[in-house]
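Lettering follows sequence order; numbering is per chain, from 1. Note that the structure is predicted; figures quoted are calculated from it, not measured.
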2 protein chains.
Amino acid sequence: MPHSLNLKSAQINLTHGGGGRAMAQLIDELFIKHFDNDFLSRRNDQALFNVPAGRLAISTDGHVISPLFFPGGDIGSLAVHGTVNDVAMSGAKPIYLSAGFILEEGLPLVDLERIVISMAAAAKAAGTPIVTGDTKVVERGKGDGVFITSTGVGIVPDGVNISSDRAEAGCAILLSGSIGDHGVAIMASRENLQFETSIISDSAALHGMVADMVAAAPQSIRCLRDPTRGGLAAVLNELAGQSGVGIVIDEARIPVKAQVKAACEILGLDPLYVANEGKLVCICDAAAAETLLAAMRNHPLGRDAAIIGQVVADPHHFVQMTTAFGGRRIVDWPVGEQLPRIC
Amino acid sequence: MPHSLNLKSAQINLTHGGGGRAMAQLIDELFIKHFDNDFLSRRNDQALFNVPAGRLAISTDGHVISPLFFPGGDIGSLAVHGTVNDVAMSGAKPIYLSAGFILEEGLPLVDLERIVISMAAAAKAAGTPIVTGDTKVVERGKGDGVFITSTGVGIVPDGVNISSDRAEAGCAILLSGSIGDHGVAIMASRENLQFETSIISDSAALHGMVADMVAAAPQSIRCLRDPTRGGLAAVLNELAGQSGVGIVIDEARIPVKAQVKAACEILGLDPLYVANEGKLVCICDAAAAETLLAAMRNHPLGRDAAIIGQVVADPHHFVQMTTAFGGRRIVDWPVGEQLPRIC
């Protein structure tokens, strides 16, 4: 290929998705260069890898976040963390990722490069190389800069049995840290709000902490879920519905950073419904709750972990919260859409 | 959930991507209902499945085709065929798919339902259930109806070693059937052109034919590639470049349907550069070419298969074609973009 990409001033155009030389150049000089692994550099339309006999987990997550760059990350790092976390929520160790890019005509190549470099760094840190992918380009006004759909595969350790239908009355509910950081960071950046202390997204890969939890109490973890879109409220309602149980949480035990609480008041948001990208909810046998809490708190991403409530019998599958004022209120499913394009 | 989706008159809105009740309803009443398998109905954020020890293949393909419905298929069936084929081009038997949907606000639910039903039928026919997925919604004018990114995993049989860098001088080049059908069908439908005989897309899952080919000559297949975007010309140039060889093909041996040839003349297209969605190119040891040709012709999707040329030594990695007039011309990489949003 005689010419190389003009990263400084060029933009994505339809030829970058056309299957010809411009696309090959984009793949070579951006994706293969930065993702940098032997799978991609073979330039096949698929990647081959060896697995032991056993259970694999697969998960897919589309990312359409706006803006593309935000305090604490960007769509590239988020696409790695989101999918690594979805794979890890089965107890699996994520091993490989794929990435499908949908680019809008006119996207500055310098923005795409920044995203690809960030994605490569997140994948490297997580130990999950991006081994195959795809690029499509749509006309101006038919997309929004970059969408990234990432898929992950992982290996599930023997003896682990984590599923959203396994909560039972008496189980404990753990939360790995403060809620609302991601959603508030995005909203503040979107609205160009300035707070006294800057709020940054919690976007992070949780599989290391999950591995520690699985090692500490492999058979006692019933459900794991990362409270992304719809926040803690949505995840608890899903788990209650899928397990056919009720849930009672204690408001006073749910960590919320002071600046996030203040921003939520200004923005008219309830932190229970705000998206997180580096937190998990764990439902476990009550007898193992302290062991798992200790494992979480020993990990840098779980320092603020807390036991926030318990599973109860309830034919209505309600999620209820004991409030700071001593009463109890229903924490319903999110209705409407407070925070579009949050992930 | 008290209410059900109003499929007849409703449209996608931002709440369908918000993580709340509307999204859960969409997932339950469209995706889980039609994709209909035990993996999805567990409603976890990932699917678990058992594999034997060995090699797996993974491939991802984004689909942004316009229009969403076309003669011979739609974006749903295409998203299954495209990914099944990319997995199969390693010689693997595809086993499971994932699907990430990016929906535009305002998309009629009746269109989405039609796509999901078609996708479910294609997945069932291919024996590759859609076991996990994701749904995002973007505002009107930030997407284009539906984009689908599908990922597939497959099991690679022992002894198979297919890769785009394995072509060597002396190898034969096989093509499984006529070229240009898909691209011309899309262009005709986009431009609202009427031809005397209707041209329909060749969109099809090729893994059955690949399995027959692998059974017939497992060690003799060097490269397999489906000539989608950029057509036969792009794939041959890729294979020549990646293997470091030259390629010579014979125009007279390349099947092109008469109506496709005529349409290409009207539209100003060269069939060599037009996308296919149900064809493959195979480079194999010359000694096995007739055996593989017979295996292809025995399969309904390979009835028109032909040996179209051979691999030669060439330090320039040129693709050349002996034309119907007896001369030779270079078949270069596609330049520019004749057919945006073709897949």
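For A/Pro340, the part sitting under 4.5 Å from any heavy atom of chain B is the side chain, from C-beta outward, and nothing else. In this structure, the portion of A/Thr135 lying under 4.5 Å from any heavy atom of chain B is its backbone and not its side chain. Proximity to chain A (any heavy atom under 4.5 Å) is restricted, for B/Thr132, to the side chain, taken from C-beta onward. A/Glu238 touches chain B through its side chain: at least one heavy atom from C-beta onward sits under 4.5 Å away, while N, CA, C and O do not. Contact annotation for B/Ala99: only backbone heavy atoms (N, CA, C, O) come within less than 4.5 Å of a heavy atom of chain A. Residue B/Ala47 touches chain A through both its backbone and its side chain, counting heavy-atom pairs closer than 4.5 Å. In this structure, no portion of B/Cys223 lies under 4.5 Å from any heavy atom of chain A.
Options A/Gly154, A/Gly145, A/Gly141, A/Gly231 differ in how many heavy-atom pairs under 4.5 Å they form with chain B, and the most are formed by A/Gly141. Contact tally against chain B (heavy-atom pairs below 4.5 Å) for A/Pro334, A/Ala57, A/Gly54, A/Gly19: the top residue is A/Gly54. Among B/Glu104, B/His63, B/His16, B/Met23, the residue with the largest count of heavy-atom pairs under 4.5 Å with chain A is B/Met23. For the options B/Val138, B/Ile58, B/Asn50, heavy-atom pairs under 4.5 Å to chain A are most numerous at B/Ile58. Of all the listed residues (A/Ala92, A/Gly230, A/Gly18, A/Cys343), the one sharing the greatest number of non-hydrogen pairs under 4.5 Å with chain B is A/Gly18. The choice from A/Val335, A/Val153, A/Thr151, A/Asn85 that makes the most heavy-atom pairs within less than 4.5 Å of chain B is A/Thr151. Ranked by heavy-atom pairs under 4.5 Å with chain B, the first of A/Val156, A/Leu224, A/Ile102, A/Asn13 is A/Ile102. Ranked by non-hydrogen atom pairs under 4.5 Å with chain A, the options B/Leu14, B/Asn237, B/Val51 are led by B/Val51. The residue among B/Phe101, B/Phe147, B/Tyr273, B/Phe49 with the most heavy atom pairs within less than 4.5 Å of chain A is B/Phe49. Contact count versus chain A (heavy atoms, under 4.5 Å) is highest, among B/Gly241, B/Ala22, B/Pro52, for B/Pro52. Considering only heavy-atom pairs separated by less than 4.5 Å from chain B, the leading option among A/Gly152, A/Ser150, A/Ser163 is A/Ser163. The choice from B/Val131, B/Thr149, B/Asn44 that makes the most heavy-atom pairs within less than 4.5 Å of chain A is B/Asn44.
Between B/Asp28 and B/Arg21 there is no salt bridge, since none of the side-chain N atoms of the basic residue sits less than 4.0 Å from a carboxylate O of the acidic one. Classification of B/Arg229 and A/Asp134 as a salt-bridged pair holds, one side-chain N sitting under 4.0 Å from a carboxylate O. The pair B/Arg55-B/Asp158 does not meet the salt-bridge criterion, since no charged nitrogen lies less than 4.0 angstrom from a carboxylate oxygen. Under 4.0 Å is where a charged nitrogen must lie from a carboxylate oxygen, and between A/Arg42 and B/Asp165 at least one such pair does.
Looking at A/Met119 and A/Ile130, their side chains come closer than 4.5 Å, going by heavy atoms from C-beta outward. Looking at A/Val64 and A/Ser66, their side chains never come closer than 4.5 Å, going by heavy atoms from C-beta outward. Considering only heavy atoms from C-beta on, B/Ile283 comes within 4.5 Å of B/Leu239 through its side chain. Residues A/Leu269 and A/Leu339 form a side-chain contact, since some pair of their non-hydrogen atoms from C-beta on lies under 4.5 Å apart.
In this pair, A/Tyr96 and A/Phe39 present their aromatic rings perpendicular. The plane angle is above 60°, beyond the 30 to 60° band.
A/Ala275 pairs by the side-chain contact (heavy atoms from CB on, under 4.5 Å) definition with A/His182, A/Ile342, not counting sequence neighbours. Under the rule for a side-chain hydrogen bond (donor to acceptor under 3.5 Å, both in side chains), the partners of B/Arg341 that lie at least two apart in sequence or sit in another chain are A/Glu139, B/Asp144.
A side-chain donor-acceptor contact under 3.5 Å links A/Ser164 and A/Gln242.
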